[in-house]
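Worksheet: one structure, shown below.
Any value given below was found using the heavy atoms of this structure, including those in side chains, with hydrogens, waters and symmetry copies removed. Because the structure is a prediction, the values reported are computed rather than measured. The chains referred to below are lettered A, B, ... by the order of the sequence lines, with proteins before strands, and numbering in each begins at 1.
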Amino acid sequence: MQRADFEGDPVTVAPWLLNKMLVHGGQAGRIVEVEAYGGEIDPASHAYRGQTPRTSVMFGPPGHLYVYFTYGMHWCANVVCGPEGQAAAALIRALEPVRGLEDMRLARPAARKERDLCNGPAKLCQALRISGVDNGADLLAAGQGSVVGGGVLLVDDGTPPPKRPARGTRIGIRVGTEKRWRFWVPGQASVSR
DNA sequence: CTTTGGATCGTCT
DNA sequence: GACGATCCAAAGG
């Protein structure tokens, strides 16, 4: 897994992210649902109307984390993809909880079942304690010799993406609803509702 | 099980 | 000044 793997089209990179691990501190989950956002050509993307202070990370190099705040209370996390200068991203919509479940439960007292811990884009940020301070983090910083351990990381544990991912329309948007740019691991309990 | 409405504030018009 | 890449509790069936 290298930075070049993230330079492709978001519709290609997003399903490729399935089954990779998202790690933050002692908590980790397997990505089981994603959505592709196509930057300036995609009316549903935050970057559709060009670069703003909020969306600047999306215009930077791929393999970084774009975190945004919405509805006055929720954080959501994206993997920046596409070449530098082009805004594209994959929204992480759901994780299968893998490690640090006790801390996840502490961070998300509203979750009743294990699958409720990370089955939504804002839920997984709550569970992994991802917030605005993580915006712009380099997801590939592991093994680069610097201070590693506090940041958000993407890890390939060897599990390949599903050969035939399930596919459907994106959720929660009001434009661009015709594009079937949502991908998930078929039969996974932790996909969003 | 499904439907509905409230919470809450940064961002851009 | 409007609205959003959402979540949750409450109410109804």
Exercise. Same hydrophobic cluster for A/Leu124 and A/Tyr71, using side-chain heavy-atom links shorter than 4.5 Å among ILVMFWY?
Worked result: no

Exercise. Paired with C/dT6 by Watson-Crick or G-U wobble geometry, both distances under 3.5 Å: which nucleotide is it?
Worked result: B/dA7

For this session: Taking only the side-chain nitrogens and oxygens of A/Arg182, find out if one of them lies under 4.0 Å from OP1 or OP2 of C/dA5.
Result: no

Exercise. Rounded to the Å, how far apart are A/Tyr48 OH and C/dG4 C1'?
Worked result: 17 Å

Exercise. Are any non-hydrogen side-chain atoms of A/Val67 and A/Val57 less than 4.5 angstrom apart?
Worked result: no

For this session: Answer yes if A/Trp184 and A/Leu91 sit in the same cluster of Ile, Leu, Val, Met, Phe, Trp and Tyr residues linked by side chain heavy atoms under 4.5 Å apart, and no otherwise.
Result: no

Exercise. Under a 4.5 Å side-chain heavy-atom rule over Ile, Leu, Val, Met, Phe, Trp and Tyr, are A/Ile92 and A/Phe69 clustered together?
Worked result: yes

Seminar exercise, completed: Separation of C/dT6 atom P from A/Ile130 atom CD1, nearest Å, is 16 Å

Exercise. Centres of the A/Tyr37 and A/Trp181 rings: under 6.0 Å?
Worked result: no

For this session: Determine, for nucleotides 4-13 of chain B in 5'-to-3' order, which nucleotides have protein heavy atoms under 4.0 Å from the base (write B), from only the sugar-phosphate (write S), or from neither (write -).
Result: ---BBBSSSS

For this session: Indicate, with a heavy-atom threshold strictly under 4.0 Å, whether A/Arg170 touches base, sugar-phosphate, or nothing.
Result: nothing

For this session: Flag the pair A/Asp157 and A/Arg30 as a salt bridge only when some basic side-chain nitrogen lies within less than 4.0 angstrom of an acidic carboxylate oxygen.
Result: yes

For this session: Starting at atom OH of A/Tyr37, determine the distance to atom P of C/dG4, rounded to an integer number of angstrom.
Result: 13 Å

For this session: Please list residues of residues 110-128 of chain A whose heavy atoms come under 4.0 Å from any atom in DNA chain C, ordered by number; otherwise none.
Result: A/Ala110, A/Gly120, A/Pro121, A/Ala122, A/Lys123

Problem set entry | Sugar-phosphate only, base, or nothing, as touched by A/Ile173 at under 4.0 Å among non-hydrogen atoms | sugar-phosphate

Problem set entry | Side chain to side chain, A/Pro62 and A/Arg3, heavy atoms closer than 4.5 Å | yes

Exercise. Would you say A/Trp75 and A/Ile130 make side-chain contact, with heavy atoms under 4.5 Å?
Worked result: no

Problem set entry | Distance in angstrom units between A/Ile171 CD1 and C/dC7 C1', rounded | 13 Å

Would you tabulate the side-chain donor-acceptor contacts of residues 160-170 of chain A under 3.5 Å, counting partners in other chains and residues two or more places apart, or write 'none'?
from	atom 1	to	atom 2	distance (Å)
A/Arg167	NE	A/Arg180	O	2.7
A/Arg167	NH2	A/Arg180	O	3.3
A/Arg170	NH1	A/Ala36	O	2.9
A/Arg170	NH1	A/Asp42	OD2	2.7
A/Arg170	NH2	A/Asp42	OD1	3.2
A/Arg170	NH2	A/Gly176	O	3.2

